[in-house]
Amino acid sequence: MSRIPPPYRIKVVEPVPFLSAPERRAALDAAGYNPFNLRADQITVDFLSDSGTGATSTAQEAAAALGDESYAGARSWFRFRDEAAELTGYDHLLPVHQGRAAERILFTNLLKPGQICVSNTHFDTTHANVEIVGAEAVDLPCPEAADLDSHEPFKGNIDLAALEALLAGPDGERVGLVLLTITNNGLGAQPVSMANLTAARDLAHRFGKPFFLDAARFAENAWLVKQREPGYADRTPKEIATAAFQLADGCLISLKKDGLTAIGGLIGLKDPELFGRCEALLIATEGFSTYGGLAGHDLERLAVGLREVVDPSYLAARAEQTARFARMVNDAGVATIQPAGIHALYLNAGRLLPHLTPAEFPGHSLGCQMFLDGGIRSAELGSLYLGTLDEEHRLVSPAPFELVRLAIPRRVYTEEHFAYVAEVLGDIAKDPERIRGYRIVSAPPLLRHFKVRLAPR
Ligand code: F0G
């Protein structure tokens, strides 16, 4: 069968706004040409993030009604904890309100100033939280990731040779943590193989370093392992996810993605001593260790979400939805990072807009045009986000690629929404030279892309 229908149907809907072209132009201008400044009621299809933007199920909402809001020892905590313990296999679990709180709490207790955190690719807040504790974030993506068009199955892997060279070299002493992001959100939603996780873990342990997972998309990584890695076809996504967690000394999870909820996160640990230190900071800054900043009803939705997300029929339909969307976009004349991952498509804006230099931010220009033409919101992953700027906000060194991420909320958009977006992109691809570049008007020093303001050139 060529079609995989999703294992759910729509019960509650939310209106989608359609602005006129002049209204969109005025909205983007007032937003300083930064999609983070747009209002949700100005957006027709919102592909800014897959984080906290998914639809919940009837089972999750029914469970939420049972939310126990006791300050300590709530029933909802134990339901969530039991699900999370079964999934991850970790004895020591701490709830947090979202992934970056887990980053702050773990890095404060695990990294010292001057140390290095090494990863396949740090996500933006992860990078920032490493730097906030005075450590350095080093990315070592595998060489295959540099070819956006190749169909290598595991372009999310860490470069094992480079990792070994770092650990064995003069800076090896400074490495405080090896952290693998599954799937690799910074580089095309590409999965990490179990073989790569195992080899990275072995290297980290050989050099006496802790090995952790940033596992926001643990179920999607498990699904791609099942499809692509020899030896895993007969394992369930849940078994594969558990095996990945068990390779590591612990994990950070933003549950706003594969937790299938609007809010939530988790720290999982094997080491009771590290757990004690993290728990103290959690209580001081997030909340008591049986709620960690979450409401009982959130914990209930999460307990159910952790089961629903590893359902093979759900994952098959979601993976197929993204793969089909990628084909539509490619057929419309826009290249995407190959092969398609699951949580997002990454448009190759550099290739579509060769008349724009990196200093004119082609990814940003494409994102703006998608909003102006179709009310579509996306996220730039190019020189605006990753390039180095001087004090006058001039680009000094560009990003390796000029990309636009279309992040796909879980269980939210239908086939027609995807076809609509592909059509808007197809129209842009017919006459790309009409698209102008942008210049920065003002930018903050940290996490630039969230607060930058721009203007057309
Ligand atoms: N790690 C990864 C790999 C992420 O993708 C994110 C968030 C975080 C950590 C932080 O988690 O948002 O719950 O605090 N990614 C979202 C995105 C925001 O759009 O990719 P958080």
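Heavy-atom basis, side chains included; hydrogens, waters and symmetry copies ignored. Counting convention: from 1, in listed order, for ligands and their atoms alike.
Screening residues 279-289 for side chain to side chain donor-acceptor pair (under 3.5 Å) gives His97-Glu286, Arg104-Thr285, Glu279-Ser289 as the qualifying pairs, with residues at least two apart or on separate chains. Applying the side chain to side chain donor-acceptor pair (under 3.5 Å) test to pairs two or more places apart or on separate chains, those with a residue in residues 242-253 are His205-Asp249.
Under the side chain to side chain contact (heavy atoms under 4.5 Å, CB included) criterion, Pro339 pairs with His151, Lys155, Gln190, Arg228, sequence neighbours left out.
Within a 6.0 Å sphere centred on CD of Glu239, heavy atoms belonging to other residues, nucleotides or ligands number more than 12.
For ligand 1, the 4.0 Å heavy-atom shell contains residues Ser49, Ser51, Gln98, Gly99, Arg100, Glu103, Phe123, Thr125, Thr126, Thr181, Asn185, Asp214, Arg217, Ser254, Lys256, Lys257, Arg405.
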Pair Gln338-Asn330, side chain to side chain donor-acceptor pair (under 3.5 Å): steps then yes or no: CA-CA 10 Å; Gln338 300 291 348; Asn330 297 156; 3.1 Å; yes

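When only modelled atom types and interatomic distance are considered, Thr126 and Glu103 share a side-chain donor-acceptor pair under 3.5 Å.
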